[in-house]
Protein chains: 2
Amino acid sequence: MPDDQLSRVFAALADPTRRDIVGRLAVGDATVGQLAAPYDVTVQAVSKHLRVLEDAGLVSRTRDAQRRPCHLEAEVFDLMTKWIERYQRQAEERYQRLDAVLARLQDDEQQQTDPDEGAAS
Amino acid sequence: MPDDQLSRVFAALADPTRRDIVGRLAVGDATVGQLAAPYDVTVQAVSKHLRVLEDAGLVSRTRDAQRRPCHLEAEVFDLMTKWIERYQRQAEERYQRLDAVLARLQDDEQQQTDPDEGAAS
DNA sequence: GGCCTTCTCAACCGAATGGTTGACAAAGGC
DNA sequence: GCCTTTGTCAACCATTCGGTTGAGAAGGCC
């Protein structure tokens with residue numbers, strides 16, 4: 001629903017049928033009819049799915065007489081992978097920082113408790 | 001809407017607010033109130049967003065008195081990247097095959113047209 | 001025990017989604 | 001010039017989604 005491309009790409013791929021279509025288009029271009037054949041839905045429904053994929057920039061449709069061959073535009077994937085990688089990396093770094101902090105806390109604890117414990121008991 | 005995890009993850013990230021929340025959680029854990037503060041929506045709305053992220057496996061919520069700290073589960077990203085990479089790779093390979101076919105066609109054409117063209121004109 | 005904070009649950013609302021059917025445009029095949 | 005194929009457009013329908021308000025559970029604080 002939101003109109004930025006990243007949202008549209010994610011939303012487009014949130015549907016199993018559309019992901020399947022993308023999978024088949026990765027193998028090779030295909031017409032709407034060819035793409036619709038395997039599914040138990042009308043051609044119109046598939047046409048709608050293709051429109052969603054097109055709006056997301058994942059698919060382009062050319063023209064061949066009555067037919068409309070669909071082509072996968074794989075570059076848009078980069079948009080997603082970049083977004084994902086950013087937070088994957090951040091989360092990883094954060095994990096390492098956390099480990100470092102925990103390690104330091106443990107050191108401090110030892111410095112504090114070791115003498116105290118020995119003196120108190 | 002579909003109940004497989006991949007769909008849920010993609011759908012969860014199709015919303016800018018939720019992507020933003022993920023971005024903030026990558027920096028560090030946060031409570032619902034803290035996460036809600038920057039947005040012009042009610043805490044309930046953010047709570048709903050967090051539920052969506054949780055159902056997708058992207059976020060886990062623990063308990064600290066009344067507060068419910070949220071934690072980013074970065075591993076789920078792998079699910080997406082794996083799916084994406086698969087078709088990125090396939091599309092690339094297909095491109096290379098296409099190039100090869102085109103190159104071969106050009107060779108065949110030359111073998112056919114070169115002698116004919118010389119004889120016809 | 002009362003109060004305040006934090007958060008979730010439930011009901012509701014308007015808009016978008018995924019599907020259908022029906023009509024029709026566009027382009028070959030006969 | 002018709003008829004069939006291929007696909008889109010338009011209207012409709014049920015469901016989901018992102019948001020709201022209102023109520024209430026859970027757990028400190030005084």
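Since we're looking at a predicted model, the values are computed, not measured. So that the names make sense, note that chain A is the first sequence line, chain B the second, and so on, each numbered from 1.
In this model, the phosphate group of D:dT8 is approached by a side-chain N or O of A:Arg61 to a distance below 4.0 Å at OP1 or OP2. Distances shorter than 4.0 Å separate some side-chain N or O of A:His49 from OP1 or OP2 on C:dG19. Within the structure, a side-chain polar atom (N or O) of B:Thr42 is placed less than 4.0 Å from OP1 or OP2 of D:dT20. A close approach under 4.0 Å does not occur between any side-chain nitrogen or oxygen of B:Ser47 and OP1 or OP2 of C:dC7. OP1 or OP2 of D:dG18 lies within a sub-4.0 Å distance of a side-chain N or O belonging to B:Arg18. Remark: B:Thr31 is in phosphate contact with C:dC7, judged by side-chain N or O atoms under 4.0 Å from OP1 or OP2.
In this structure, B:Leu35 atom CG and C:dT6 atom C1' are separated by 13 Å, rounded to whole Å. Rounding to whole angstrom units, CG of residue A:Asp3 and P of C:dT17 are separated by 12 Å. If you measure from atom CZ of B:Arg51 to atom C1' of D:dG19, you get 17 Å, rounded to the nearest angstrom. Rounded to an integer number of Å, the gap from CZ of B:Phe10 to C1' of C:dT17 is 18 Å. Atom NZ in B:Lys48 sits about 18 Å away from atom C1' in C:dT6, given to the nearest Å. Going from atom CG of B:Asp64 over to atom C1' of D:dG27 covers 10 Å, rounded to whole Å. Atom pair B:Tyr39:OH and D:dT20:C1' shows a separation of 19 Å (rounding to whole Å applied). One can place CG of B:Leu53 at 13 Å from C1' of D:dG18, the figure rounded to the nearest angstrom.
A donor-acceptor pair under 3.5 Å links the side-chain atoms of A:Gln34 to the main chain of A:Thr31, judged by distance alone. Within the 3.5 Å criterion, the main-chain N or O of A:Arg68 finds no donor-acceptor partner in the side chain of A:Arg61.
Side chain of A:Asp15, nearest nucleotide from C:dA11, C:dG18, C:dT8: C:dG18. For A:Gln66, the side-chain atoms get nearest to C:dA27 when compared with the rest of C:dT6, D:dG18, C:dA27. When distances run from any side-chain atom of A:Arg67 to the nucleotides D:dG7, C:dA27, D:dA11, the shortest one goes to D:dG7. Considering only the side chain of B:Arg68, C:dC7 comes nearest among D:dT8, D:dG18, C:dC7.
The side-chain heavy atoms of B:Cys70 and B:Asp29, taken from C-beta on, include no pair separated by under 4.5 Å. You'll find the side chain of B:Met80 reaches within 4.5 Å of the side chain of B:Leu6, heavy atoms only.
In the model, A:Asp20 has no side-chain atom that pairs as donor or acceptor with a side-chain atom of A:Thr17 under 3.5 Å.
Mapping A:Ala65 and A:Thr17 onto DNA chain C by nearest heavy atom places A:Thr17 at the nucleotide closer to the 5' end. Nearer to the 5' terminus of DNA chain D, by closest-nucleotide assignment, is the contact made by B:Val52 (compared with the other of B:Gln44 and B:Val52). The residue among A:Arg63 and A:Val43 whose nearest nucleotide of DNA chain C lies closer to the 5′ end is A:Val43.
Each end of the helix from C:dG1-D:dC30 to C:dC30-D:dG1 gets its own rotation axis from five pairs of C1' atoms, and the angle between them is 10° to the nearest 10 degrees.
The two residues A:Val32 and A:Val46 come nearest to each other via the heavy atoms O-CG1, 4.3 Å. For the residue pair A:Arg19 and B:Asp4, the shortest heavy atom distance occurs at NH2-OD2, 3.1 Å.
Taking the six-membered ring for Trp and thresholds of 30 and 60 degrees, B:Phe10 and A:Phe10 have ring planes inclined between 30 and 60 degrees apart.
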